[in-house]
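Along the sequence shown, residues are numbered consecutively beginning with 1.
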Amino acid sequence: MHPDLETLVDLHRADVELRRFDGELSALPQKKAAIDAQIVADRAALDAAKAALDGQSKDRKRLELEVQDFEAKRSKYKGQLGEVKTNKEYTALLHEIENVEREIRSHEDQILEAMEQVEGGQARVKAEEAAFKGVEATRREEIKAIEAKIKECEAQRAAVAATREKKVGVLKPDLLAEYTRILARRGTALAEAKDGGCTMCHVKLRAQVYVDVKRNDAIITCSSCSRIMFFVVPPPQGALEAPLPS
């Protein structure tokens, strides 16, 4: 392969790798943020369940205190029964005692319902706490793995970027300018010639042009997409074929 074309292919490979790393370094933080957000949402749901349980416990306590107040009133009214002097006052006190006992029965029914709610809430919170701890541990591990992947990508990208700089340094200025122009316009500056055509724009090449490209001894551009063309010599039969830049 012509040295200039070989340098261009190496530069192309580096840019393909850099684009891949940039894509990962853009997606990985978003993935991490999504996991963090899910942890926050799950914790908020658990906190809401705990707050609901706390509210139910407070309601039960309030009802129990109100029952104590009603029982105190009932004792007071019963104590006054022996002090009244008229049937009217006696009947009025009995009516008050009846009202208080009605309230006591109503509150006791509400206390039973509150107790059932508290028991159900306690079981729910316990189950949600256990589930949250398990899921959170898994998600924390996922976050650690993402953070490690980010560091790995950053290191690999830096290495590829350094290699790219070396290739840029040895490339002729006019070729670098052409490469940069095509890259800015097309997203990739090089295209592999294969099966008689350009693999990027899928246009068939003239037979002689394809023959010339296969020699890899000159800078030839695709007449359709203007990318610089190169040919990958097939490996010997039975050998593993290396991945091609895209």
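Each of Lys166, Lys167, Arg164 was evaluated against Asp10; a single residue qualifies, Lys167, per the side-chain hydrogen bond (donor to acceptor under 3.5 Å, both in side chains) test.
Atom CD1 of residue Ile97 and atom CZ of residue Arg74 lie 9.0 Å apart, to the nearest 0.5 angstrom. The distance from atom CD of Glu128 to atom NZ of Lys50, rounded to the nearest 0.5 Å, is 10.0 Å.
Put simply, the side chain of Asn216 never gets that close to the backbone of Phe230: no donor and acceptor are under 3.5 Å apart. A donor-acceptor pair under 3.5 Å links the side-chain atoms of Arg186 to the main chain of Cys225, judged by distance alone. Thr221 contributes no side-chain N or O that, together with a main-chain N or O of Arg227, makes up a donor-acceptor pair within less than 3.5 Å. A donor-acceptor distance shorter than 3.5 angstrom exists from the side chain of Lys204 to the backbone of Asp195, with no hydrogens or angles considered. In this structure, Ser106 contributes its side chain and Arg102 its backbone to no donor-acceptor pair below 3.5 Å.
A 4.5 Å side-chain heavy-atom check between Thr188 and Met200 finds at least one atom pair inside the cut-off. Considering only heavy atoms from C-beta on, Tyr179 comes within 4.5 Å of Asp15 through its side chain. Within the 4.5 Å cutoff, no side-chain heavy atoms of Lys126 are placed close to those of Gln122.
Electrostatic pairing of Arg140 and Glu136 counts as a salt bridge here, judged by a charged N lying under 4.0 Å from a carboxylate O.
Under a hydrophobic-cluster definition in which Ile, Leu, Val, Met, Phe, Trp and Tyr are linked whenever side-chain heavy atoms come within less than 4.5 Å, directly or via other members, Val9 and Val160 are assigned to different clusters.
For His95, the NE2 atom is loosely surrounded, since the number of other residues' heavy atoms within 6.0 Å does not exceed 12.
Judged purely by distance below 3.5 Å, without hydrogens or angles, the side chains of Asn99 and Glu103 never pair a donor atom with an acceptor atom.
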